[in-house]
Structure formats: C-alpha cells, structure tokens
Amino acid sequence: MQRIEKIIKELTCQAALHSWNATLEEGNVQVQKTRREFEGDFTVVVFPLLKFSKQSPEQTGESLGVYLKRSSDLIEDFNVIKGFLNLVIAQQYWKELLDGALRSPSYGRRVPGEDSPGVMIEYSSPNTNKPLHLGHIRNNLLGHSISRILKATGNRVKQVNLVNDRGIHICKSMLAWQMDGKGEDPLSSGMKGDHLVGKYYVRYDQIYKSQVQTFVENGMSQKEAEAEAEVLIEAREMLRKWEAEDPEVRALWKTMNDWVYAGFDQTYRRLGINFDKTYYESETYKLGKELVLKGLREGVLYQKEDGSVWANLEEEGLDHKLLLRSDGTSVYMTQDVGTAHQRYEESAFDSHIYVVGNEQNYHFQVLAIVLKKLGYAWADKLYHLSYGMVELPEGKMKSREGTVVDADDLMDEMEVTARQMSEELGKLEEFSEEEKRRICRQIGMGALKYFILKVDPRKNMTFDPRESVDFNGNTGPFIQYTYARIRSVMRKGADMHKGTGNEELNKKEVILIRMMHDFPEILSEAAHTLNPSLVANFMYELAKEFNQFYHDYSILSAETAGQVSQRLLIIEAAGNMIESGMELLGIEVPERM
RNA sequence: GGCUCCAUAGUUCAAGGGAUAGAAUAGCGGUUUCCUAAACCGUAGAUACAGGUUCGAGUCCUGUUGGAGCUACCA
C-alpha cells in the first residue's frame, strides 16, 4: 500500500496540471499532519500553490479539495481554513494499515544488503588514565544508538573504538603508582582497574602540585616551578623510554592498561555497547607520517627550517597546522590522517562518522582539509558528529573540584533509585530477587539512557541528577511502563483475539494509528540527521497518546467482540513499535514493572 | 583579539519558513468497585534586545547584549 502523503502529493501535482495548467514537482507540495484542533488528518499548505492557481488561498484550497476528493476513495472529506486544506482520510486506509504492515516488529525498518552503503562509526575513544565519566556516557550512548538507527535504515555499519592508550597522561598514572602504589592491583585493592589507575592519576596531580608549591616557596616563579617540577620531568622521561620501547616501562604500561581494559569492558557491558573493532593509538600513532612526507614531496605541505612540517590552510580561511614536529614525531592530527587512510583501505566506507565532542570542531575541519590537500577524494566522506557538552546544574564538570560524575557510580545510583521506587510503590513484591534485579537494572538504565538521548546531540545539555532519577513524565521509565501495561493486557487478552474486527475507529484510535504511521519517516529523519532524540521524543509522544487511549477506553471490555479484537491489534502494534524504537535507543523494555 | 556554536515558561527539553509556540517538571485543583495510579484530567506560566527579508519568522539575514567552545611542536 502506498503511503498516503505520497498519494496526496501526486494527486496535487495532477490537479495543478488539470486545473491550472501548471507543472509542479512533488517537492513543491507541502503536506503536514493536521493540527489537533482542526478537523482532518493531513493538511496541504496552499500558499506555495497560489502562484500557479492565481486564485485566493480559499478558492485554491477549495478547488484542490474537490479534485482530491473526487480522484481518490482514500480522501473522504476536506475543509479549508485560511490557507490550509485539511483532508480527512478514509477509515479504510487506517484499517488496512493496521491489518498489515503496522503490527510488524520490523515496521519502518530496512534490512541492509550486500550493496547497502557502508558506514564506519567511531565513538567512545577513551583515554586509559582514568575511568569513564558522564561525558563519555553521552558519547557512547549516541554512538551506539546512531549505529542501531543506521542499521535499521539499511546501512552496513561498522562500529569502531579508538583507545588512547599512550602518552604523557598514562605515564603520569604509571609514575604515581610506582612511587606510591606499594604494588597494589585491582585484586588486592578490590578496585575496578580503571578506577585504580584513575586514583594514581589523581595522586600524580597531588604530588605535582606539592612540588610546584615547594619550588615557589623557595623563590621560584609559578611558571618556572610548573615546568621544572620533578615528577613532570620524570613523567616525560618515562614517555621517552616508552617510545624507545624500554622493556620495563612497556611491561608496566601493559599491565596497567590491561587493568583499565578489564574495567572498561565491564562498563561497556553494563551500558550495553560493543564494537566491531578496537584500534589502539599505540599501534596507530606512527601512521600518517609517511603520508605527510609524501605530501611534502608533492609540495602540498611545506617544511620550516627547523624541520617541522606544516599545512598552510590560509586559503580555507584557517591558520597553519603542524603535522610533524621538528624531531620528526607525529601529532594527533598526523595520526588521524593515518587511521582514516588505513580504515578506507580496509573497508572503503561510503561514509565515516566520528562521534566526538564539539570542542574538537576545529580539529575535524582541519582533518578534512588536510586529507583533501593530500589528494584523497574520500575526504568528504568523513563526518564529524559534533555533540554538545554535558554540564551539571552548578556548571561544568571539573576534575580538580571533584565534580566529575563517574559513569559506574551513576549507573549504580540509577539502579538503586529504581529499586527504592519499586519498593515504595510495591511494584515487585511477587518477583524473585533475580527478576527484581533485572527489572531495576532495566528501569535505571532506561532512565539514564533516555534522559541523555532525548536531547538533540548537537546541543549542550544540563544533567541534573535529581531530574534524571525521576521516573514520571518525559522519561524512559514512563515509556517502559506503557510497554509493560500493553504486554499485561495482551497476556490477559490472548484468548480474545478473534481476527480482524471491522469496526468504526474512534477519534483516539485513528490518532494512534496515524501517529504510528509516521514511524518510518521519523526513522529515516533520525538516520539522516544522526539524531536519536527524534526517535526518543517520538516514543514519548506515542506512549503518552497510548496512555490516554488506555485511560479513556477499555480494551478487553470493549462493547463488541470485534472492537476487542481491533483494539488488541492496535495495542499489539503500539507495543511492537515501542519495543522497536527503544531498541534503537539501546533501552530494554520489561514485560512487567 | 580572531573564528565557531548557542539564547524558547521558574527549571529541563520540543517545534521540517506555515494555523492560537508544544511537553515535562516544580506550583495549585481533581480522577481508583474497572485491562498496572511509575497512569489520567484541569489550571497558570516563555521566543534575550533592535532592525530587515517574506503572503507568513522561534526558525533566514544584519547589529547589540549575554553564555559556551576553539584559537599548542597536548590529545
């Protein structure tokens, strides 16, 4: 069955040809859903048509309405208010939809095939010197949800992670552990590996600060002291040894990184995310140098007297960018040039998405330009999904002030709150301990994920811990609860299914079906704009609409058997759609809660 | 200083150039012999400021004010 919007557009073009002898494209026809306060299902905005009809808005709407009604059985009636032609769609359309596609768990989804576009998406990209925090959570949830959305819209998606496992920051943790660690490890300390390493990163900072202070007290300037502090010099020396592949340093580095990975794995599992491939910066940081040198030979880059290599981006309205240091070593940009090249060689992606915060806008702008200069046509297949910062009600998270919200702590807290709420409401009394745990985990994680994903990724957002554990209103648990209610009714009504009921649909039922009819468009819009919040907000609207319906009309005690059957079809569709949509957000839905 | 992004009820978020700017939350007032009240209903409350483009501007353009980010031989 063809979608009704498409039919309306086609017929409008026909009408324009017949009535006004004007040729217009379907793209010129604006069809939107009729606002609730007016009679109708879809609305054609007639203002853009006036230049073809050469009539008043009212006359144009009226004559178009007459034409549409006469041309299609699906258009039952119309009315014109100001410049808006409101169309009432025949019940038959909604009923056929309900009997067919709408109830499918895969409604609106497409399955990727061999020749579907290949999308590589990089996200998470943690440093190994400290545990994941709230900012990483947003990154991970976005990356994962976008991956699922892209898969569901027919793309072959490859999820990759790039772990920043080398550099001065890791050396700082290593050094502090050597100084103060007394040999403790995750087992002996009972700490998660990433937290343990993070503890020594903090420890390093304390040692550093106290050394700086001592130097200043002995008459050194602040700036001088900061540059001369012994631990900093030692950390640099350790990095140098790391690069020289000193066995002892490498061994410690490997040990501590492995602790961190074990910790990260746990956090990732809990978040429900996974990667098809993980890249390690220690293996990729040298990549890119050859490409840069080649660019230098070809004259698209230039070299200063000190030997450093640069790209001149003035033509693009930017600055000059360093690509190789005077000692010949690579910088971050060099590495990204290399990894992009490597990935394209590996899988010839049709697009490559980087889920990275907006503080790196400049970096990715430069990356694309540099790749272009180096002659890679695929440079314009790179896309930086630049998401906004997560702030707390009192402002930015600051590690120095201890206001960083730890990812693991946050997840714990969400689950504990779910537990408390469930117990207060007496929701889980008849469940086993294991079931209780599972449901509270689903609810807690659902609340957290929804809270973050409902916001447009590109915008900065405020994370209010108090609000995030609210399970009422526009929240994940609200939608989960709606699902649980649906499933409950379906269990009770399993025997009452008597096939299709051909009953008159009431207003609320039509609204629900019409809303569900939109799901494919929401999906494709979300995929197009890489924006899971569209799916999240749609799920909320749907749940809200469903709850009103549920409140106003009885399903199992409807007046006729036909009505019972028909309503069971509607809630089946709604349940499947909630499950499907929430899956795209990485949120599980419980059968009971 | 330069560049980029942002500004919507007390607060947190919506609104493909289209009708009277929607929700949630906090506040106030209601709904339970009935399929899960983590629900439902009612009430009140917002486009930073000044211009411009348009039949029509929260949305596009210019300026002002306020906020964030970037502007490293860091990543």
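Every chain is numbered from 1, with letters handed out A, B, ... down the list of sequences. Predicted, not measured: the structure shown is a model, and the values here were computed from it.
Below 30°, between 30° and 60°, or above 60°: for Phe546(A) and Tyr550(A) the angle between ring planes is between 30° and 60°, a tilted geometry. Between Trp242(A) and Tyr285(A), the ring planes lie tilted relative to each other; the angle falls in the 30° to 60° range.
Between the P atom of rG17(B) and the CZ atom of Phe47(A) lies a distance of 16 Å, rounded to the nearest Å. Counting to the nearest Å, the C1' atom of rG17(B) and the CD atom of Gln32(A) are 11 Å from each other. In this structure, Asp456(A) atom CG and rA68(B) atom P are separated by 21 Å, rounded to whole Å. In this structure, CD of Glu37(A) is placed 9 Å from P of rU20(B), rounded to the nearest angstrom. When the P atom of rU20(B) is taken as reference, atom CZ of Arg36(A) falls 18 Å away, rounded to whole Å. When rounded to the nearest whole Å, the span between NZ of Lys33(A) and C1' of rG22(B) equals 13 Å. The nearest whole Å value for the distance from the CZ atom in Arg236(A) to the P atom in rC73(B) is 14 Å. Atom CZ in Phe431(A) sits roughly 14 Å away from atom C1' in rA38(B) (whole-Å rounding).
In this structure, the nucleotide among rA75(B), rA14(B), rA24(B) sitting nearest to the side chain of Val455(A) is rA14(B). Taking the side chain of Gln360(A) as heavy atoms from C-beta on, and the options rG69(B), rA38(B), rA75(B), the nearest nucleotide is rA75(B). For Ile81(A), whose side chain is taken as the heavy atoms from C-beta onward, the closest listed nucleotide among rC74(B), rG69(B), rA19(B) is rA19(B).
Comment: Arg36(A) engages Glu545(A) in a salt bridge, judged by a side-chain N to carboxylate O separation of less than 4.0 angstrom.
In this structure, Asn164(A) reaches the sugar-phosphate backbone alone: every heavy-atom distance under 4.0 Å involves primed, P, OP1 or OP2 atoms, never a base. Within 4.0 Å of Tyr362(A), counting heavy atoms only, lie sugar-phosphate atoms of the nucleic acid but no base atom. Within the 4.0 angstrom heavy-atom criterion, base atoms lie near Val31(A). Within 4.0 Å of Asn361(A), counting heavy atoms only, lies no atom of the nucleic acid at all. Note on Ser533(A): nothing from the nucleic acid sits closer than 4.0 angstrom, heavy atoms only. Among the heavy atoms of the strands lying under 4.0 Å from Pro48(A) is at least one base atom, whether or not backbone atoms are also near. Counting non-hydrogen atoms under 4.0 angstrom, Asn86(A) reaches a base of the nucleic acid. Contacts of Gln335(A) with the nucleic acid, taken as non-hydrogen atoms under 4.0 Å apart, are absent. Thr43(A) comes within 4.0 angstrom of a nucleotide base, judged by non-hydrogen atoms across all strands. At a threshold of 4.0 angstrom between heavy atoms, the contacts of Asn472(A) are confined to the sugar-phosphate backbone, with no base atom among them. Nucleic acid contact class of Glu281(A) (heavy atoms, under 4.0 Å, all strands): sugar-phosphate only. Within 4.0 Å of Ile443(A), counting heavy atoms only, lies at least one base atom of the nucleic acid.
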What would the secondary structure line of RNA chain B be in dot-bracket form, counting Watson-Crick and G-U wobble pairs under 3.5 Å, with [ ] for pairs that cross earlier ones and | for pairs with another strand?
(((((((..((((....[...)))).(((((.......)))))....(((((..]....))))))))))))....
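As rounded to the nearest Å, rU59(B) and rG1(B) have P atoms that lie 27 Å from one another. The same atom, P, is picked in rA57(B) and in rU20(B); the two are 11 Å apart, to the nearest Å. Of the P atoms belonging to rA14(B) and rC6(B), the separation is 12 Å, rounded to the nearest Å. Atom P of rG45(B) sits at a distance of 14 Å from the matching atom of rA23(B), rounded to the whole Å. The same atom, C1', is picked in rA46(B) and in rC13(B); the two are 13 Å apart, to the nearest Å. One P atom belongs to rU47(B), the other to rA26(B), and the distance between them is 24 Å to the nearest Å. To the nearest whole angstrom, the two P atoms, one in rU12(B) and one in rU54(B), are 37 Å apart. rU64(B) sits 14 Å from rU4(B) when the P atoms are compared, rounded to a whole Å.
None of Ser124(A), Ser145(A), Ser125(A) except one satisfies the side chain to side chain donor-acceptor pair (under 3.5 Å) rule with Asn140(A); the exception is Ser124(A).
For Phe478(A) and rA38(B), the ring-to-base geometry does not satisfy the stacking test (centroid distance below 5.5 Å, interplanar angle below 30°). Per the stacking criterion (ring centres < 5.5 Å, plane angle < 30°), Tyr540(A) does not stack onto the base of rA23(B).
With hydrogens and angles ignored, the 3.5 Å screen pairs no side-chain donor or acceptor of Lys321(A) with any backbone N or O of Val366(A).
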Going by atom type alone, with no hydrogens or angles, which donor-acceptor pairs under 3.5 Å involve a side-chain atom of residues 165-173 of chain A and a protein atom two or more places apart or on another chain?
unit_1	atom_1	unit_2	atom_2	d
Asp165(A)	OD1	Glu281(A)	N	3.3
Asp165(A)	OD1	Ser282(A)	N	2.7
Asp165(A)	OD2	Ser282(A)	OG	2.6
Arg166(A)	NH1	Glu281(A)	OE2	3.2
Arg166(A)	NH2	Glu243(A)	OE2	2.9
His169(A)	NE2	Asn164(A)	ND2	3.2
Ser173(A)	OG	Val197(A)	O	3.4

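Arg419(A) CZ to Lys427(A) NZ: the interatomic distance, rounded to the nearest 0.5 Å, is 15.5 Å.
Side-chain contact between Ile571(A) and Met490(A): present, with at least one pair of heavy atoms (C-beta onward) separated by less than 4.5 Å.
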Enumerate the protein-to-nucleotides 35-37 of chain B contacts in which both atoms are nitrogen or oxygen and the separation is below 3.5 Å.
unit_1	atom_1	unit_2	atom_2	d
rC35(B)	O3'	Lys492(A)	NZ	3.0
rC35(B)	O2	Ile555(A)	N	3.4
rC35(B)	O2	Leu556(A)	N	3.0
rC35(B)	N3	Ile555(A)	N	2.9
rC35(B)	N4	Tyr550(A)	O	2.5
rC35(B)	N4	Tyr553(A)	O	2.5
rU36(B)	OP1	Ser488(A)	OG	2.6
rU36(B)	OP2	Ser488(A)	OG	3.3
rU36(B)	OP2	Lys492(A)	NZ	2.7
rU36(B)	O2'	Tyr481(A)	OH	2.2
rU36(B)	O2'	Arg485(A)	NE	2.9
rU36(B)	O2	Lys427(A)	NZ	3.0
rU36(B)	N3	Met593(A)	O	2.8
rU36(B)	O4	Met593(A)	N	3.0
rA37(B)	OP2	Arg485(A)	NH2	2.5

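With a 6.0 Å cutoff to the six-membered ring centre and a 45° limit on the axis angle, Lys54(A) does not count as a cation-pi contact of Trp20(A).
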